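These numbers were taken from a predicted model, which means no experiment stands behind them.
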Number of protein chains: 2
Amino acid sequence: MSFSITEENYIKAIFHLQQGEGTVSTNELAAELHTKAASVTDMLKKLKTKKLLSYEKYKGVRLSGEGKKLALAIVRKHRLWEYFLVDTLQFGWDEVHEVAEELEHISSKKLVEKLDAFLGYPKFDPHGDPIPDSHGKMAVQQHINLIDLPVNKPAEVSGVGSQSTELLELLKHKHIGIGTRLEIKRKFSFDNSIEIKLKNQNAFTISQQLAQALFVKLM
Amino acid sequence: MSFSITEENYIKAIFHLQQGEGTVSTNELAAELHTKAASVTDMLKKLKTKKLLSYEKYKGVRLSGEGKKLALAIVRKHRLWEYFLVDTLQFGWDEVHEVAEELEHISSKKLVEKLDAFLGYPKFDPHGDPIPDSHGKMAVQQHINLIDLPVNKPAEVSGVGSQSTELLELLKHKHIGIGTRLEIKRKFSFDNSIEIKLKNQNAFTISQQLAQALFVKLM
DNA sequence: AATTATTTTTAGGTAAATCTAAAAATAATT
DNA sequence: AATTATTTTTAGATTTACCTAAAAATAATT
Ligand SMILES: [Mn+2]
Ligand SMILES: [Mn+2]
Ligand SMILES: [Mn+2]
Ligand SMILES: [Mn+2]
């Protein structure tokens with residue numbers, strides 16, 4: 001069975017929204033996909049008949065086994081292409097997401113496997129997100145939110161919480177990327193801003209919003 | 001302005017059919033695109049309002065300057081991706097066309113330019129067809145049809161006349177590819193078959209149909 | 001030149017994916 | 001518990017890209 005680009009985008013969005021137990025609501029999906037709730041309802045009915053998800057009206061939606069499998073295949077392609085764009089073609093890590101949104105829908109199975117082999121079976125994409133292998137398995141990241149990092153504990157940036165151009169542009173300006181070493185010097189409870197110090201640099205303050213968008217692992 | 005995948009496929013098909021002077025007919029296009037004449041008429045009206053072509057009813061169609069520019073951009077992407085698949089990912093030259101049919105619609109301009117640079121600005125794709133550069137210029141091939149090659153003139157295969165799996169499978173079996181050196185030993189007028197001899201191999205006979213699907217350049 | 005065959009266009013309709021507006025169900029407040 | 005607010009679904013349209021069948025234009029034969 002094959003699926004349209006639109007259907008694939010719905011499956012991927014549900015996959016990203018259904019963290020853990022809960023069910024995904026129609027409105028959440030509408031927001032994520034920049035569409036209207038009525039359109040989402042239509043598509044959920046259709047994807048249900050294709051057995052990609054379980055859905056009862058007014059009760060929200062969850063992916064089926066088949067749905068998860070498809071979602072992982074799309075995420076795998078997205079992240080492999082991002083890795084290719086940064087590693088092979090020298091794109092900046094902040095300019096690959098949109099391109100990968102298109103490339104993730106290229107259907108050739110053989111292409112994905114050959115690309116993976118060419119890249120050397122990378123485990124993480126340029127934003128620190130794990131790349132599912134050909135069986136859908138991916139490394140579990142034990143990284144924590146920067147906001148929860150204790151003061152004076154050396155850590156390394158390992159992921160970002162969003163792919164927005166705005167965030168990535170800010171990180172570029174502050175010279176923060178995946179792999180950047182830093183530690184927290186102070187936390188200010190007034191606005192939850194924190195003072196961080198990058199390795200071999202002066203300390204500076206970043207906002208709560210920025211700290212929450214960064215993930216780090218202890219060293 | 002941006003165009004749908006369907007629109008791009010129409011523009012590319014017209015480009016390939018309008019060799020030289022003539023105008024392209026509705027039926028030719030319908031055959032090429034595996035669709036019906038009525039659908040073609042609908043689309044031609046639409047593409048005319050977008051100024052990609054000139055079209056008067058019952059008179060056939062030709063691309064405008066804008067249309068040619070778009071067609072060359074698509075052909076460029078198609079052939080660069082084919083080169084990438086064969087050269088970088090080790091695909092066989094007979095298995096890349098379908099994949100490139102999808103990849104040619106990826107929109108990022110930057111991606112094309114970076115890919116071109118990564119590949120070393122190749123001039124010809126794996127089937128011997130010239131790759132347009134970023135300005136739409138491409139090398140003129142002075143290759144001739146194998147059927148027109150004089151007897152006992154050493155030549156080198158430089159192109160194929162079709163991308164069909166059937167043809168490429170036959171060529172693979174006969175160990176003929178781009179760059180293969182050969183010469184014609186005899187021509188049989190009964191069925192227009194020709195006897196060819198590959199470098200360092202015994203001679204064998206090939207059909208008129210196969211000879212017409214091969215292009216060679218003299219050495 | 002008239003007839004016949006072929007090509008091309010028009011007319012009308014379908015399916016996918018979207019939308020707005022109204023109705024129905026569920027959740028939150030008083 | 002009743003009212004109000006929010007979420008979600010249905011109803012009905014729209015757009016794109018198709019299709020079939022019939023009409024119109026052009027080309028080929030007699
Ligand atoms: Mn991404
Ligand atoms: Mn990513
Ligand atoms: Mn091709
Ligand atoms: Mn080619």
Side-chain angles (χ1 to χ4, degrees), chain A residues 1-15 17-19 21-63 67 70-71 74 101-102 104-105 107, chain B residues 1-15 17-19 21-63 67 70-71 74 101-102 104-105 107:
Chain A
M1 202 172 211
S2 94
F3 306 97
S4 72
I5 291 177
T6 308
E7 290 170 331
E8 291 194 349
N9 282 333
Y10 269 86
I11 293 299
K12 193 178 61 143
I14 297 167
F15 178 81
L17 291 173
Q18 69 166 39
Q19 297 304 0
E21 294 299 292
T23 168
V24 178
S25 77
T26 303
N27 262 3
E28 282 177 280
L29 266 171
E32 176 79 13
L33 293 163
H34 306 103
T35 184
K36 297 300 160 70
S39 305
V40 172
T41 301
D42 286 348
M43 183 59 84
L44 292 182
K45 286 178 188 167
K46 186 180 163 200
L47 294 176
K48 185 184 178 173
T49 73
K50 294 198 173 189
K51 305 209 186 294
L52 291 174
L53 45 81
S54 56
Y55 162 67
E56 297 303 327
K57 46 156 88 167
Y58 294 105
K59 297 279 178 67
V61 67
R62 278 191 71 81
L63 293 182
L70 176 57
I74 301 164
E101 284 295 316
E102 289 183 55
E104 71 190 2
H105 302 291
S107 61
Chain B
M1 203 172 211
S2 94
F3 306 98
S4 72
I5 291 177
T6 308
E7 289 170 331
E8 291 193 350
N9 283 333
Y10 269 85
I11 292 299
K12 192 178 60 146
I14 297 166
F15 178 81
L17 291 173
Q18 69 165 39
Q19 296 304 0
E21 294 298 292
T23 167
V24 178
S25 78
T26 302
N27 262 3
E28 283 178 280
L29 266 171
E32 176 79 12
L33 292 164
H34 306 102
T35 185
K36 297 300 159 72
S39 304
V40 172
T41 301
D42 285 349
M43 184 59 85
L44 292 183
K45 285 179 188 166
K46 187 180 163 200
L47 294 175
K48 185 184 179 175
T49 73
K50 293 198 173 189
K51 304 208 186 297
L52 292 173
L53 45 80
S54 56
Y55 162 67
E56 297 303 328
K57 46 157 89 170
Y58 295 104
K59 298 279 179 68
V61 66
R62 279 192 70 82
L63 293 182
L70 176 57
I74 301 164
E101 284 295 314
E102 289 183 55
E104 72 190 0
H105 302 291
S107 62

Engineer: Nearest-Å distance, NE2 (A:His34) to P (C:dT18)?
Structural biologist: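 It works out to 13 Å between those atoms.
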Engineer: Would you say that A:Val61 contacts A:Leu47 through its side chain, given a criterion of any heavy-atom pair below 4.5 Å between the two side chains?
Structural biologist: no
Engineer: One character per nucleotide, please: for nucleotides 3-10 of chain C, 5' to 3', B when the base has a protein heavy atom closer than 4.0 Å, S when only the sugar-phosphate does, - otherwise.
Structural biologist: ----SBBB
Engineer: Using a cut-off of strictly less than 4.0 Å, decide whether A:Lys36 has a side-chain nitrogen or oxygen near OP1 or OP2 of C:dT20.
Structural biologist: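 It does, given that an N or O in the side chain of A:Lys36 lies less than 4.0 Å from OP1 or OP2 of C:dT20.
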Engineer: Give a yes/no answer on whether the side chain of A:Tyr10 brings an N or O atom under 4.0 Å of OP1 or OP2 in C:dT18.
Structural biologist: yes
Engineer: What is the distance, to the nearest angstrom, from the CD atom on A:Glu8 to the C1' atom on C:dA16?
Structural biologist: 16 Å
Engineer: What residues form a side chain to side chain donor-acceptor pair (under 3.5 Å) with A:Glu32, not counting sequence neighbours?
Structural biologist: none
Engineer: Mind checking what makes side chain to side chain donor-acceptor pair (under 3.5 Å) contact with A:Lys48, not counting sequence neighbours?
Structural biologist: A:Glu56
Engineer: Just how far, in rounded Å, is P of D:dT16 from CD1 of A:Ile5?
Structural biologist: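 One finds 17 Å between P of D:dT16 and CD1 of A:Ile5, rounded.
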Engineer: For a 4.5 angstrom cut-off between non-hydrogen side-chain atoms, does A:Glu101 reach A:Lys12?
Structural biologist: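 SC-SC contact between A:Glu101 and A:Lys12 confirmed.
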Engineer: So do B:Glu104 and B:Asn9 actually touch side chain to side chain, heavy atoms under 4.5 Å?
Structural biologist: yes
Engineer: How does DNA chain C read in dot-bracket, base by base from 5' to 3', with Watson-Crick or G-U pairs under 3.5 Å and | used when the partner is on another strand?
Structural biologist: ||||||||||||||||||||||||||||||
Engineer: Expressed in angstrom and rounded to an integer, what is the separation of B:Met43 atom CE from D:dC19 atom P?
Structural biologist: 11 Å
Engineer: Any side-chain heavy atom of B:Thr41 sitting closer than 4.5 Å to one from B:Lys45?
Structural biologist: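 The answer is yes, as the side chains (C-beta and beyond) meet within the 4.5 Å cut-off.
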Engineer: For a quick check of understanding: with a heavy-atom distance under 4.0 Å over all strands, which category does A:Ser39 fall into, base, sugar-phosphate or nothing?
Structural biologist: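 The answer is base, as A:Ser39 lies within the cut-off (heavy atoms under 4.0 Å) of a base atom.
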Engineer: So, using salt bridge (charged side-chain N to carboxylate O under 4.0 Å, His left out) as the criterion, who are the partners of B:Lys50 when residues are at least two apart?
Structural biologist: B:Glu7
Engineer: What residues, two or more places apart in sequence or in another chain, satisfy side chain to side chain donor-acceptor pair (under 3.5 Å) together with A:Ser54?
Structural biologist: none
